[in-house]
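Following: one structure in structure tokens, then a few remarks.
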Amino acid sequence: MLKARVKYIKMIFLLLSILIISESALAQQPKRSYNIVFTSVSKVEYNKDYFEYYWVGLESYNDTTKTLNWEFVLLKDYPKSTWIKVESYESMDSQFKKGVYVMDMDLCDYFDSDTLVVEDMKSLSNKGMECPIPTGFHEMKNYLVNTDRYPSELPGENWMFSLTLYEKHDTKSQSDNIPKEDIIVNYKVFVLIERDF
Ligand SMILES: *[C@@H]1O[C@H](CO)[C@@H](O)[C@H](O)[C@H]1NC(C)=O
């Protein structure tokens with residue numbers, strides 16, 4: 001009887017230690033060997049027909065980390081054909097050179113298909129990130145890059161991402177001297193990929 005109980009307790013201990021070991025192994029698995037740190041944001045250029053104002057900036061989260069934030073007041077609906085373009089630039093020899101990563105797509109399709117940032121930003125936004133985009137006051141607070149969503153390795157160190165929302169025109173029905181894109185908003189986000197920590 002006593003022997004059986006000791007055996008039982010030993011088995012429980014064994015199960016518990018297996019659980020604890022596998023739990024800590026799992027917790028370490030998705031960690032990346034790098035951090036993506038925001039260093040600055042350019043002045044926002046925006047079309048005053050659409051916005052009362054548009055601010056994007058960094059806020060201190062703790063001693064070492066800054067978060068991305070924005071606030072804007074949308075005065076009227078975005079045009080039917082609003083596209084988002086994100087271009088990457090890498091700093092090399094103290095000059096920014098265009099990198100390979102370019103994204104250019106319909107804004108609503110982007111909200112539906114992105115797997116890197118939209119879900120996190122949506123949860124930090126007062127009006128979400130879905131189409132149709134409502135007019136009025138929008139804000140997003142304290143966005144930090146979640147590297148678990150990114151590839152296990154990233155190249156380079158100093159990157160700049162230029163983000164543009166623009167109205168895409170149907171080029172077929174227009175003459176050459178009308179621009180194909182009307183910029184709604186543009187700003188640039190500078191990041192550092194930190195590897196030594
Ligand atoms: C600051 O916050 C980031 C993100 O949560 C964290 O990785 C880092 O360790 C924190 N730094 C300090 C000094 O608390």
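No experiment lies behind these values; they were computed from the predicted model shown. As the structure lists them, so they are numbered: ligands from 1, and atoms in each ligand from 1.
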If you scan the protein for heavy atoms around atom 7 (O) of ligand 1, do you find one that is closer than 4.0 Å? no
Determine, for Lys168 against Glu181, whether the closest basic-nitrogen to carboxylate-oxygen distance falls under 4.0 angstrom. no
Just which atoms of ligand 1 are under 4.0 Å from any heavy atom in Asn62? 1 (C), 2 (O), 3 (C), 8 (C), 10 (C), 11 (N), 12 (C), 14 (O)
Short N/O distance, under 3.5 Å, between Tyr61 and ligand 1? no
Ligand 1 to Asp63 polar contact by distance, N or O atoms, under 3.5 Å: no
Considering heavy atoms of the protein only, find what lies nearest to atom 13 (C) of ligand 1 and give residue, atom and distance to 0.1 Å. Thr64 OG1, 3.8 Å
Fit a plane to each ring of Phe38 and Tyr143, take the angle between them on a 0 to 90° scale, and name the class: parallel (under 30°), tilted (30 to 60°) or perpendicular (over 60°). tilted
Identified ring-ring contact (aromatic ring centres under 6.0 Å, His included) counterpart of Phe96 within the set Phe190, Trp159, Tyr89: Phe190
With a distance cut-off below 6.0 Å to the six-membered ring centre and an angular limit of 45° from the axis, does Lys48 pair with Tyr46 as a cation-pi contact? yes
Nearest non-hydrogen contact to atom 3 (C) of ligand 1 from the set Thr65, Val145, Leu144 belongs to Thr65
For Phe161 and Tyr101, take the angle between the two ring planes, folded into 0 to 90°, and tell me which bin it lands in: parallel under 30, tilted 30 to 60, perpendicular over 60. perpendicular
